[in-house]
Number of protein chains: 2
Amino acid sequence: MQSGTAPPSLKSLAAALGLSTATVSRVLSGQGERYRISRVTRDRILAQAHGSGLVVDQLARSLRLRRTLTLGLVIPDISNPFFAQLARQIERHARHRGYAVFIADSEEDAAVEAQAVTLMLSRQVDGLILAPVGTPGTGAALHALRQRPCVLVDRLLPEHSLPAVSSDHRQGAVLAVRHLVERGHRRIACVQGSPGTFANDERIAGWRSGMQAAALACPDWLIRGSGYSIEAGVAAAHELLQLPQRPSAVLALGNLLALGVLRAVREAGVLIPDELSLVAFDDQLWATVTSPPLTIIEQPIEELGRQVLELLLERIAGPMNDPPERRILPARLIERGSVRSLAPIPPASCNPSP
Amino acid sequence: MQSGTAPPSLKSLAAALGLSTATVSRVLSGQGERYRISRVTRDRILAQAHGSGLVVDQLARSLRLRRTLTLGLVIPDISNPFFAQLARQIERHARHRGYAVFIADSEEDAAVEAQAVTLMLSRQVDGLILAPVGTPGTGAALHALRQRPCVLVDRLLPEHSLPAVSSDHRQGAVLAVRHLVERGHRRIACVQGSPGTFANDERIAGWRSGMQAAALACPDWLIRGSGYSIEAGVAAAHELLQLPQRPSAVLALGNLLALGVLRAVREAGVLIPDELSLVAFDDQLWATVTSPPLTIIEQPIEELGRQVLELLLERIAGPMNDPPERRILPARLIERGSVRSLAPIPPASCNPSP
DNA sequence: GAGAGTTGCACAATCGATTGCGCCCATCAA
DNA sequence: TTGATGGGCGCAATCGATTGTGCAACTCTC
């Protein structure tokens, strides 16, 4: 409190008390008992520490301990609600465990991603959570791979064997297609994000799988779009609307794509769900106030965040040579108003919990 | 490259080259010329550094230099699109300047905020950007204030004289009210966020000011709501809809509140804009796909992010005793479809650029 | 009252990079 | 040969905290 101009440090506190930094350090780190520091001394130190508002320099501490209590999180787009919510969960859990989190936005650019990872590694983060840029074969993860614990989230990299957590993109798409098929839809189109991306390709695979399970054809011309942006969604939807054999339903593989589809549909004067049904990935706050409210595939974001952090901390604590664990969490269909029934609904269950 | 198990460090590189760490350090930090290191040696060092993928330990560097090239950002809710976009801008600009950014979510809780700030200060961030929790009189900023450069964004703290950047909340509200008044609305209600919060109160003040400029009464019962959540928006809107003298227009002071209003209105079977007009703060991607598309007050998020970072870096570079600068950026009204004209529009301009 | 055991704390090396100071060697003039 | 000059680089202290080791002083015990 009265330290005045001197920055409060462990050293200054020791001097003020006529003790050595060693003793102060041991008491402040809770090792007082182990080192048999007398209760009197302990109390004096703790009192002075609280009184002076001492905050020990984690920099020096980290240097010595080779442990920073700091994590890195690199995601492709913070302003994408899915990643924003994910980041929120991860940061929250990390904070509760005493970790601070560097967050960086890779802008879906491999070079930026590599730069961000390097920036974090140079600051000696204890571990890294990566939602890698879509384009495969990027080298960013390679550095992280060998140097620090690293866990992937949402998007896996097939070429690297890293621990990862994601939702079951494929099953989510299957769910959506089944829902549509059960309501009589036969020509179901896809508005995709970035082809080559794990999540996207898995969802496409799920779509195919769902279509084939219903003995429906799934020609490539039913798949449109490239990139997770509203504009891309608009363009893809316009293409689909102009097909001679217009699909009766669209599956949008991302929330921004869904917005694009909605915009295109409005521009074309097409009514949802009367003339076109829509199911979209990712639940969003606004999905209940569009007209109509959107039927969506919801990813368990909170659980994703919790588990990816847990997995990372395990890797940090334990030996690195464990086989990389992959956790796939189930997605869920939430029915609202954007799907029209073209036929009586068969008795099959439409949303089994796996 | 061949360092094998030894972590690549400045020291190991020096050993491999038969040089001292001093020389290597000077070359790698670009001081080779100043210290007259021969070109041959310089090239050897740089070649080896690139070859081995050396990343110098910023921890040790920061300890010595008393400078971490690290910033802290604390916002009330990362998943709120406004803050997510703001964080994105700030992080992007910081990265371009070589800074890494800790981001924390204070959950609109003063205790969490204080914890997050302490976590960052202990890690010796060079500076802090704070969108402080609404409740006034919290002490979090007090610590930061005296210890490190700190700049506020979006929400100012009247009781502390800290540099700050925000949009002109008051003028934004005036803009909205004027727009509504010009279209014949006389009873214009407010769905507010957290009373006592700077942004909220400024917007309320703007609403009053706009109403009074049009010689309209602004009784307190036209102001509803507490808290920036969808649920709060729903509740406030329901209250307004049940008033004996129902307002003809609502001004929602936040994007989540707007969603709440939309939901409540839908539940009540009220049509926008036919039976109720709506203007909301913050532009959002989904604001164009609601029915109807929302007329909104847009804050210059990109510019906010750019300027707050710039201001912080100025404080870091320069002396701290400059008078705290405040930059207020103009807001803008974007007309879409959620306002009904009750009267012929007078010739007055409705969206002057200040 | 001397040796054994215990209590309570300090010394100093260490983490990895930075930097003021100064040493060594080569060259050149006298 | 000697002294002066300057180029090229190393020594060692430093940033602030951690921790193995060791050393006083104090308490027991016979």
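Chain letters run A, B, ... following the sequence lines, proteins first and then strands; every chain starts at 1.
- As a whole-Å value, the separation of A:Q124 CD from C:dA17 C1' is 11 Å.
- Nearest to the side chain of B:L10, among D:dG10, C:dA17, C:dT19, sits C:dA17.
- Using a 4.0 Å cut-off, some side-chain N or O of A:Y35 falls inside it from OP1 or OP2 of D:dG20.
- A side-chain donor-acceptor contact under 3.5 Å links A:R123 and B:T70.
- Across all strands shown, A:S62 has no heavy atoms under 4.0 Å from either base or sugar-phosphate atoms.
- To the nearest 0.5 Å, the span separating CD1 on B:I316 from CD on B:E314 amounts to 10.5 Å.
- Annotation: proximity of residues 20-30 of chain B to DNA chain D (heavy atom, distance under 4.0 Å) is found for B:S20, B:A22, B:T23, B:R26, numbered in ascending order.
- If you measure from atom CZ of B:R42 to atom C1' of D:dG7, you get 12 Å, rounded to the nearest angstrom.
- Along DNA chain C, the nucleotide nearest B:V55 and the nucleotide nearest A:R39 are compared for position; the residue whose nucleotide lies closer to the 5' end is A:R39.
- In summary, A:D57 and A:K11 do not engage in a salt bridge, as defined by a charged side-chain N under 4.0 Å from a carboxylate O.
- Under 4.0 Å is where a charged nitrogen must lie from a carboxylate oxygen, and between A:R95 and A:E91 at least one such pair does.
- Within the nucleic acid shown, A:L59 has no heavy atom closer than 4.0 Å to any nucleic acid atom.
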Scan nucleotides 23-28 of chain C nucleotide by nucleotide, 5' to 3', and note B when protein non-hydrogen atoms come under 4.0 Å of the base, S if they reach only the sugar-phosphate, - if neither.
-> ------

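- Salt bridge status for B:R67 with B:D126: absent, with no side-chain N to carboxylate O gap under 4.0 Å.
- Side chain to side chain, B:Q89 and B:R92 meet the donor-acceptor criterion of an N or O pair below 3.5 Å.
- Distances shorter than 4.0 Å separate none of the side-chain N or O atoms of B:R67 from OP1 or OP2 on C:dT18.
- Remark: B:R61 is in phosphate contact with C:dT18, judged by side-chain N or O atoms under 4.0 Å from OP1 or OP2.
- Contacts of A:Q58 with the nucleic acid, taken as non-hydrogen atoms under 4.0 Å apart, are absent.
- The separation between A:L63 atom CG and D:dT19 atom C1' is 14 Å, rounded to whole Å.
- Within the 4.0 angstrom heavy-atom criterion, no nucleotide atom of any strand lies near B:G32.
- Side-chain to base pairing of B:R64 with D:dT14: one donor and one acceptor N or O lie within less than 3.5 Å of each other.
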